[in-house]
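I have placed the structure first, in the form of structure tokens, so that the comments after it can refer back to it.
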Amino acid sequence: MTRELHHTARVGVAGLRFGTHDRLESGDSSVKVAGKVAVVTGGGGGIGGAIARALATEGARIVVADLDAATAQAVVDEINTEHPGSAVAGGGDVSDTEVIRALIALAEEKFGPVDMYFANAGITGAPGLDADDAAWDLSLDVNLRAHIRAAQLLVPGWARRGEGYFVSTASAAGLLTQIGGATYAVTKHAAVGFAEWLSVTYGDQGVKVSCLCPQGVNTKLLFPEDDSQDGLSATAMKAVTEAGDVLEPAQVAADVLAAIDDERFLILPHPKVLDMYRHKGADYDRWLRGMRRYQASLQGS
């Protein structure tokens, strides 16, 4: 299995916006990213590429990172055509501390200190109990430890200077579960948990945290170009595509920038995920029974 870093996933409380695609598309600007220096992992396509483009449009300067350096460079070339000098590319495994350190150094050399880190790279991982330790380690590295390692390098400095923004791409699977995706469901829950911990621990020191939890997004992880193991299993894919709308990455990126402006922790491009999450918390056993019924319907039993 390769560590492909094009990420996919996955009605608000009164007075809060959870589905906000129209906010930035209507012409409003994202004031909190203008002039900032950002690193976006998994930026060679999908959600990460869309976030990088949106950041550049709003006046940020970006290091676009991906395991596939060529795809990162392609996104950078596109950005710099519209916004000259706004982006540079970096290649490497962003679950590796030394690669993260090099990306931070690249940002500092080209643009200045890193203000924002988008831990967006992710993989679907092995589907069930047949996953061996290596498969679990791979998913834990990319979907969780990459976030931890980036935070270890950046958050203490942000706390000292009193500002910084960490955006974690998790998934609706991190709030609910992923039928047909054991490693994905578990590691995305862990990513949500780590983002929560960061916010609780450092929020009063000026460090802001948001956690992106979409359902279906039109990326290569949901719709792989071949039969490689990087794609979701057939059951998992069906669970996502039949659960609701499959959004375009640009819509998700607009939600991310709107959430940053609001300094809102939970980013839910699919607003009904909040209702599902409430139902889960209100009656866990009923929710589990419902998920088993849904799984059976997907498997045709």
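Every heavy atom of this structure was used, including side-chain atoms; hydrogens, water molecules and symmetry mates were not.
Taking each heavy atom of V37 and P113 in turn, the nearest pair found is CB-O, 3.3 Å. Shown here for A56 and I79, the closest heavy-atom pair between the two residues is CB-CG2, 3.4 Å. When all heavy atoms are compared, the tightest approach of G43 to V64 is O-CG1, 3.3 Å. Between G42 and A121, the shortest heavy-atom contact is N-CB, 3.8 Å. Residues A150 and I100 share a closest heavy-atom pair of N-CD1, 3.8 Å. The shortest heavy-atom contact between A191 and A170 is CB-CB, 4.2 Å.
Annotation: the span from D133 atom CG to L138 atom CG amounts to 12.5 Å, rounded to 0.5 Å. Annotation: the span from T177 atom OG1 to M291 atom CE amounts to 6.0 Å, rounded to 0.5 Å.
Residue pairs that meet the ring pair (Phe, Tyr, Trp, His ring centres under 6.0 Å) test with at least one member in residues 66-124, sequence neighbours left out, are Y117-F166. A ring pair (Phe, Tyr, Trp, His ring centres under 6.0 Å) check over residues 279-299, counting only residues at least two apart or in different chains, returns the pairs Y284-W287.
Listed by chain and residue number, K32, K208 satisfy the salt bridge (charged side-chain N to carboxylate O under 4.0 Å, His left out) test with E263 (two or more places apart in sequence, or in another chain). With sequence neighbours excluded, no residue forms a side-chain hydrogen bond (donor to acceptor under 3.5 Å, both in side chains) with E82. Judged as a side-chain hydrogen bond (donor to acceptor under 3.5 Å, both in side chains), and not counting sequence neighbours, R149 has no contacts. Residues satisfying the side chain to side chain contact (heavy atoms under 4.5 Å, CB included) criterion with A195, sequence neighbours excluded, are S168, V209, C211, F265. Applying the side-chain hydrogen bond (donor to acceptor under 3.5 Å, both in side chains) test to Q205 and every residue at least two apart in sequence or in another chain returns nothing. Applying the salt bridge (charged side-chain N to carboxylate O under 4.0 Å, His left out) criterion to R286, with sequence neighbours excluded, gives no partner residue. With sequence neighbours excluded, no residue forms a salt bridge (charged side-chain N to carboxylate O under 4.0 Å, His left out) with E248. By the side chain to side chain contact (heavy atoms under 4.5 Å, CB included) test, V186 is found to be paired with W136, residues two or more places apart in sequence or in another chain being considered. Remark: S210 engages Y165 in a side-chain hydrogen bond (donor to acceptor under 3.5 Å, both in side chains) (not counting sequence neighbours). Under the rule for a salt bridge (charged side-chain N to carboxylate O under 4.0 Å, His left out), the partners of E98 that lie at least two apart in sequence or sit in another chain are R101.
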For D261 and E58, run side-chain contact (heavy atoms from CB on, under 4.5 Å): C-alpha distance rounded to whole Å, both residues' side-chain angles, the deciding distance at 0.1 Å, then the answer.
CA-CA 12 Å; D261 265 3; E58 301 302 331; over 6 Å; no
Dump the intermediate steps for side-chain contact (heavy atoms from CB on, under 4.5 Å) on V167 and I260, then the final yes or no.
CA-CA 9 Å; V167 180; I260 290 170; 4.2 Å; yes
Please walk me through it: do V76 and I62 pass side-chain contact (heavy atoms from CB on, under 4.5 Å)?
CA-CA 9 Å; V76 164; I62 313 103; over 6 Å; no
Would you please test D96 and R145 for salt bridge (Lys or Arg N to Asp or Glu O under 4.0 Å) and show each step?
CA-CA 9 Å; D96 185 314; R145 293 184 183 122; over 6 Å; no
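R293 places none of its side-chain heavy atoms less than 4.5 Å from the side chain of Q295. Counting only heavy atoms from C-beta outward, the side chains of K110 and R61 never approach each other to under 4.5 Å. In this structure, V63 and V40 have side chains that are not in contact, with every pair of non-hydrogen atoms separated by 4.5 Å or more. Side chains of S86 and L55 form no contact here, defined as non-hydrogen atoms less than 4.5 Å apart. With contacts defined as side-chain heavy-atom distances shorter than 4.5 Å, the pair M276/H270 does not qualify. V39 has its side chain out of reach of M116: every pair of non-hydrogen atoms, C-beta onward, lies at least 4.5 Å apart. In this structure the side chain of V246 never reaches within 4.5 angstrom of the side chain of V217, judged on heavy atoms. Counting heavy atoms from C-beta on, the side chains of L266 and L175 come closer than 4.5 Å.
A donor-acceptor pair is defined here as one N or O able to donate and one able to accept, closer than 3.5 Å; such a pair exists between the side chain of N80 and the backbone of A87. Between the N143 side chain and the I123 main chain, a donor and an acceptor come within less than 3.5 Å of each other. Counting only distance, with no hydrogens or angles, the side chain of T183 and the backbone of A126 share a donor-acceptor pair below 3.5 Å. Formation of a donor-acceptor pair under 3.5 Å by the S199 side chain with backbone atoms of E196 is not found in this model.
For the side chain to side chain contact (heavy atoms under 4.5 Å, CB included) test with I267, the passing option among V256, D262, L257 is V256; the others fail. Here the rule is side chain to side chain contact (heavy atoms under 4.5 Å, CB included) with L103, and of V94, L153, V114, V88 only V94 fits it.
Around atom CG of D132, more than 12 heavy atoms belonging to other residues, nucleotides or ligands sit under 6.0 Å away.
Between the side chains of T169 and N120, at least one donor N or O sits under 3.5 Å from an acceptor N or O. Counting only N and O atoms by type, the side chains of D255 and Q251 include no donor and acceptor under 3.5 Å apart.
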